[in-house]
Amino acid sequence: MPQIITEQNLRNLIDLLVKEAKLVVGPKLSGSVVLYEPLTAGSDLTLDALPRRSSKELFFPICEDILSYKRENGAMKVNDVDRSKFPEAVLIGAPPCDAGSPAILDAVMSWDYKDEFYLERRRKSTIVGIACTKGDDACFCRAVGLAPDAEAGSDLFLTPLKDGSYACNAVTEKGQALVAAHQNLFSEGAGAEPKPFVDQAVAKLNLVKIKKWLEEHFEDPLWEKIADICVGCGACAFICPACHCFDINDEGSTDDGVRRKHWDACGFAKFTNHASGHNPRDVQNKRYRNRIMHKFKYYDDKFGKTLCTGCGRCIRACPVGIDIAEILETINSKQD
Amino acid sequence: MHVEVTKHDFEPKIVAFVCTWCTYAGADLAGTSRMQYPPNVRVLKFPCTGRIDPVFILRAFQKGADGVLVSGCHPGDCHYMAGNFHARRRFAAFRALLDFVGVDLNRLQFSWVSAAEGGKWVDVVTELTERVRTMGPMPEFKELEHEEQWSGAINTPELKEAYDSIG
Amino acid sequence: MNAKANKNQVTCIEPDYYQAITEAIRKEAVKILKDETVVGVVGYLPGRRKGTASPALVTTVEEAEKLIFSPACVNNLSVYLTKAKKGVLKQGKVGIVAKGCDMRALAGLMTESQLQREDLFIIGVVCPGVYGFGVERTGTLTEANIARKCRECTVHMPEGADVAAGTHAELADLTPEEAQEMARIEAMPQAERWAFWKEHFSRCIRCMACRQVCPFCYCEQCLCDKNRPQAVESSPRPAGNMAWHLVRAMHLAGRCGGCAECERVCPMDIPLNLLNRRMAQELKELYDFEAGLTPVDKGPLNEYKENDDQSFIK
Amino acid sequence: MCKSDNIYLPNLATIEAIVDETPDVRTLRLVFQDEQVRENFSFRAGQFAEYSSFGFGESTFCIASAPTRKGYIECCFRSVGRVTESLRRLEVGDTVGVRGPYGNSFPIEEFFGKSLVFIAGGIALPPLRTVIWNCLDLRDKFKDITIVYGARSEADLVYKHELKEWQERDDVRLVKCVDPGGAGPDFDGKVGFVPTVLEEAAPSAENTIALVCGPPIMIKFTLPVLERLGFTDDNIYTTLENRMKCGVGKCGRCNVGNVYVCKDGPVFTARQVKAMSQEF
């Protein structure tokens with residue numbers, strides 16, 4: 001029997017979770033933009049717009065300390081970050097293109113060496129996804145195999161209904177536990193009809209075919225053409241739910257400071273620059289090629305997944321209008 | 001012998017960026033003439049005020065300065081002919097920028113102190129120190145140093161505050 | 001100045017108007033490519049999504065016939081002449097489609113000896129304005145979807161271009177939102193101003209889009225990259241962000257042409273042009289400098305007068 | 001240091017000795033401060049580590065000492081960047097951080113019973129030096145050992161004292177060379193580029209493994225020479241390097257195509273290198 005939660009009760013749920021001292025993160029109006037931020041009350045939740053940044057930052061912060069060092073009485077001491085202090089978190093109101101990203105990133109963060117900063121946050125968080133009834137002409141989640149109602153990655157999945165309430169499906173045990181702990185906010189019933197989804201402009205892509213083309217066309221005139229205008233900023237990578245590249249830097253003096261891990265982008269000219277001055281990806285189109293290859297070939301080679309959820313953020317944000325969906329369509333339509 | 005000095009509740013940290021040819025010599029003169037001035041000032045010597053990048057001033061505030069003094073040769077006396085003329089324009093612009101983002105300009109002083117003006121150095125330093133003392137510590141940049149984006153903070157103060165207010 | 005142009009002030013600019021500019025640009029681009037005046041033309045091509053456009057370097061007549069101008073042509077193309085297309089300039093003269101605001105950047109770059117006028121063929125656009133961010137892209141420009149910077153545009157006419165495409169038209173009775181915002185901030189108590197900027201800068205993710213689209217940010221090594229010594233913290237935290245944006249504003253003072261590209265591309269909507277505008281205002285007041293359409297000998301912070309104001313110096 | 005699951009946490013090591021190999025290349029001999037780490041740290045020839053200079057960050061170098069020599073590790077670097085220059089400023093007794101060992105290694109056991117030819121250029125000797133000493137310490141397991149090493153000038157030759165030692169040993173054939181114009185009056189080696197000198201030295205390819213490491217240009221001209229000498233791509237090993245931050249396959253910058261140098265490498269056969277996307 002599906003569970004139903006009214007919008008008011010959803011907001012009440014947030015209030016309760018905040019009271020339980022959980023870190024509740026959801027879309028919230030911050031200045032003039034909607035971002036995933038800690039909600040302090042149910043009324044903070046804004047479900048009108050796709051947040052500018054993806055929800056990956058709950059697991060993979062923009063910038064976080066990974067250790068601190070201090071010289072004490074002449075002896076250097078390195079201190080680990082106490083990851084047990086990471087809060088129990090609930091991500092609420094993430095559409096499938098955001099909720100689905102941890103399911104993709106888990107692979108790279110846990111193969112062989114395990115990034116406990118990411119994984120600990122993952123273990124401590126519950127993801128409440130929500131079916132997407134908005135979307136614009138930049139959206140292409142269907143094209144990369146997701147859908148506005150895809151439950152992948154969500155622990156509890158909400159489907160907006162026409163009467164303003166939500167049908168809930170507890171996808172995982174974490175989701176069930178969340179419902180069970182607040183059972184009085186949910187009611188059983190068939191509920192109203194779901195709100196309709198928005199059509200997407202990009203047709204479903206044949207990702208296998210795209211990957212094959214990428215495999216055979218490391219050198220191709222296409223790369224020169226599409227990245228010709230790329231100005232080399234990191235906007236696409238930083239707001240992407242799936243981009244996971246990072247940099248590690250020390251900040252502080254030689255006696256006292258922290259080492260930080262923070263977002264980095266393959267579009268930056270210095271990303272792969274050797275100290276000697278040699279740069280394997282010395283021009284912008286090689287860097288852009290790496291972006292596409294990483295998402296649609298390399299990641300699949302390594303982990304069997306596509307590193308893209310079709311959220312369309314990079315399309316909306318690109319200063320020069322580079323459209324990854326258009327590039328994929330171009331590749332998809334190639335004959336050989 | 002130890003000179004008895006007045007004890008204050010707050011001793012401001014003042015960073016002085018000075019040019020080596022005029023103001024540094026002026027400060028030296030003040031010292032050799034045994035003039036007294038507040039020990040709050042930390043002097044950093046540069047070849048010329050033209051070398052003093054506005055980012056140094058920012059950095060000083062970020063790292064805990066409560067007041068900053070920039071001082072060099074009088075116009076026309078620059079060892080490098082025009083360094084201080086250029087600096088004058090740059091600092092005029094920088095002041096406007098700092099003001100626009102909400103920094104109190106009373107914490108930032110510019111002055112021309114020549115090698116012969118030990119007394120002026122003492123006046124400038126004393127005045128700035130006392131002014132900043134009455135203003136109290138400069139919290140803005142220092143607070144910023146400890147702030148994190150919410151995702152990188154293990155437990156943000158805002159959250160704590162929120163919990164407290166709800167609880 | 002705009003009072004004179006009253007007869008050209010309308011309530012909306014129809015797609016036809018942009019179509020006429022498009023035709024003129026195409027004609028000119030084809031001509032200069034055909035007679036080999038230029039090796040390529042930097043212009044705009046339509047994007048996949050309706051009502052979008054993106055920059056392009058066209059080198060053939062066929063491509064040139066696809067160039068467009070629409071309210072979606074927001075980019076300042078002069079950035080390509082100092083960054084990505086640097087190499088093109090070495091091969092010969094380049095044509096560039098430039099709005100008035102873009103031409104100020106070209107003039108500034110010439111002032112700084114980054115460009116030579118004779119290396120450029122400027123197809124000036126008599127521009128009535130372009131779209132703002134996140135607005136409805138209907139093809140028609142109205143008060144509702146015009147960019148904030150265009151509301152106070154003083155350079156509709158691209159004077160000094162080799163040719164000008166389009167006829168003068170501009171929207172009537174635009175509220176100067178940016179000037180109002182400036183006034184609002186200036187009127188704030190100091191602590192509130194700090195809070196305003198702190199909140200904005202804290203959102204910054206250091207994607208460097210502002211730097212990368214800026215025609216004037218052409219340094220090979222940026223102060224905010226990893227340096228020795230490190231003046232600006234390179235990790236994206238509030239402290240480093242504040243320093244970065246102040247340093248950037250300072251580095252652009254007296255150089256910025258006011259194209260507001262930094263503000264447009266900011267994925268976090270930080271009103272960066274306000275900083276640039278504040279600096280421009282100060283330099284106008286103090287040294288009577290204004291970024292114009294013609295190159296000058298030296299920028300205001302590269303020269304001095306012996307009697308410059310020094311009332312703030314003891 | 002207590003056991004932690006933080007993969008970015010380095011072990012602390014003390015600089016026990018410093019050797020200046022050339023005016024800008026320096027070797028640090030490091031001893032782990034924690035007794036347990038010191039005893040348990042083991043690695044294989046070819047693996048690398050992340051060395052940190054606190055306040056400046058981390059840098060990636062191979063472990064240049066031989067795994068057969070316990071109790072310490074050595075790294076060798078040219079000071080060209082932020083971190084390396086700060087490492088250079090450190091003195092004996094100072095502390096650095098070491099994370100590792102990471103990456104794959106040379107399959108030394110597979111080389112047993114074979115002859116070995118080491119070919120290195122400039123600062124690229126350290127990655128092979130670990131193998132050279134590893135093999136010399138197990139000398140009876142191998143047949144002939146030939147080392148061809150060249151640098152731009154006499155001053156740029158690293159491990160000068162060890163070159164001398166190898167030269168004096170009769171179970172090693174050392175051919176050292178410098179680029180034309182780089183030889184001093186007393187230079188006792190050959191003058192010429194590594195590929196040319198290698199061709200002259202003409203080691204037999206019979207039952208032999210070639211290990212090559214050097215700047216891209218040297219590799220480019222050395223591979224055809226090896227081919228002419230009869231080496232197959234499977235018998236040529238090299239070690240790659242790329243800018244790295246994490247060293248553990250997360251940060252996404254060291255990849256050459258879909259190959260992560262930090263995880264799948266740094267040691268590759270010539271066949272593997274040729275199959276890669278040409279982006280290094």
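Only this structure's heavy atoms are used, side chains among them; waters, hydrogens and symmetry mates stay out.
- Using a 4.5 Å cut-off between heavy atoms, Arg264(C) contacts chain A through its side chain alone, with no backbone atom that close.
- Asp48(A) has no carboxylate O lying under 4.0 Å from a charged side-chain N of Lys134(A), or vice versa, which leaves the two without a salt bridge.
- Counting heavy-atom pairs closer than 4.5 Å to chain C, the top residue among Gly267(A), Ala269(A), Ala265(A), Gly232(A) is Gly232(A).
- Between Arg277(C) and Glu178(C), at least one side-chain nitrogen of the basic residue sits less than 4.0 Å from a carboxylate oxygen of the acidic one, meeting the salt-bridge criterion.
- For NZ of Lys204(A), the number of neighbouring non-hydrogen atoms (other residues, nucleotides, ligands) closer than 6.0 Å is greater than 12.
- Counting heavy-atom neighbours within 6.0 Å of Glu136(C) CD, excluding the residue itself, gives a total of 12 or less.
- Side-chain contact of Glu63(C) with Thr60(C): a donor-acceptor pair under 3.5 Å is present, judged by distance alone.
- When heavy atoms are compared at a cutoff of 4.5 Å, Asn75(C) approaches chain A solely by way of its side chain, counted from C-beta outward.
- Ranked by heavy-atom pairs under 4.5 Å with chain A, the first of Gly47(C), Ser234(C), Cys266(C) is Ser234(C).
- Annotation: cation-pi pair Arg121(A)/Phe86(A) present, NZ/CZ under 6.0 Å from the ring centroid and within 45° of its normal.
- Of all residues in residues 58-65 of chain A, those placing a non-hydrogen atom less than 4.5 angstrom from a non-hydrogen atom of chain C are Ile62(A), Cys63(A).
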For residues 315-325 of chain A, run the donor-acceptor check on the side chains, cut-off 3.5 Å, and write out each pair with its distance to 0.1 Å, sequence neighbours left out.
unit_1: Arg316(A); atom_1: NE; unit_2: Asp136(A); atom_2: OD1; d: 3.3
unit_1: Arg316(A); atom_1: NE; unit_2: Asp136(A); atom_2: OD2; d: 2.8
unit_1: Arg316(A); atom_1: NH1; unit_2: Cys311(A); atom_2: O; d: 3.2
unit_1: Arg316(A); atom_1: NH2; unit_2: Asp136(A); atom_2: OD1; d: 3.0
unit_1: Arg316(A); atom_1: NH2; unit_2: Cys311(A); atom_2: O; d: 3.1
unit_1: Asp323(A); atom_1: OD1; unit_2: Ala325(A); atom_2: N; d: 3.0
unit_1: Asp323(A); atom_1: OD1; unit_2: Glu326(A); atom_2: N; d: 3.1
unit_1: Asp323(A); atom_1: OD1; unit_2: Arg48(C); atom_2: NE; d: 3.4
unit_1: Asp323(A); atom_1: OD1; unit_2: Arg48(C); atom_2: NH2; d: 3.4
unit_1: Asp323(A); atom_1: OD2; unit_2: Arg48(C); atom_2: NE; d: 2.7
unit_1: Asp323(A); atom_1: OD2; unit_2: Arg48(C); atom_2: NH2; d: 3.2

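- Aromatic ring orientation, Trp197(C) versus His200(C): tilted (interplanar angle from 30° to 60°).
- Between Lys286(A) and Glu224(A), none of the side-chain N atoms (NZ, or NE/NH1/NH2) sits under 4.0 Å from a carboxylate O, so this pair counts as no salt bridge.
- When Thr59(C), Leu57(C), Leu67(C) are each tested for a side-chain contact (heavy atoms from CB on, under 4.5 Å) with Val41(C), only one passes: Leu67(C).
- Chain A forms more heavy-atom pairs under 4.5 Å with one residue of Pro267(C), Cys210(C), Ser235(C), Gly240(C) than with any other, namely Ser235(C).
- Between Asp102(C) and Lys99(C) there is a salt bridge, with a side-chain nitrogen of the basic residue lying less than 4.0 Å from a carboxylate oxygen of the acidic one.
- Contacts between Thr52(C) and chain A at a heavy-atom distance below 4.5 Å are absent for every atom of the residue.
- Chosen from Arg237(C), Glu261(C), Met208(C), Arg211(C), the residue pairing most often with chain A at heavy-atom distances under 4.5 Å is Arg237(C).
- Geometrically, Arg206(C) does not engage Phe238(A) in a cation-pi contact defined by less than 6.0 Å to the ring centre and at most 45° from the axis.
- In this structure, chain C has no heavy atom under 4.5 Å from any part of Glu57(A).
- Between chain C and the residues Arg313(A), Arg53(A), Glu329(A), Gln284(A), the most heavy-atom pairs under 4.5 angstrom are made by Arg53(A).
- For the set Val74(C), Ile205(C), Val265(C), the count of heavy-atom pairs under 4.5 angstrom toward chain A peaks at Ile205(C).
- Residues that satisfy the side chain to side chain contact (heavy atoms under 4.5 Å, CB included) test with Asn206(A), not counting sequence neighbours, are Val208(A), Lys209(A), Asn332(A).
- Contacts of Glu233(C) with chain A are made by both backbone and side-chain atoms, with heavy-atom separations under 4.5 Å.
- Listed in order of number, the residues of residues 249-257 of chain A that approach chain C to under 4.5 Å between heavy atoms are Asn249(A), Asp250(A), Glu251(A).
- By the 6.0 Å and 45° rule, Arg255(C) stacks over the aromatic ring of Tyr218(C).
- Neither the backbone nor the side chain of Tyr44(C) comes within contact range of chain A; no heavy atoms are under 4.5 Å apart.
- Using modelled atom types, one finds a donor on one side chain and an acceptor on the other under 3.5 Å when comparing Thr272(A) with Asn279(A).
- No donor-acceptor pair under 3.5 Å is formed between the side chain of Thr22(C) and the backbone N or O of Ile68(C).
- No other option in Gly31(A), Ala237(A), Ala138(A), Cys233(A) has as many heavy-atom pairs under 4.5 Å with chain C as Cys233(A).
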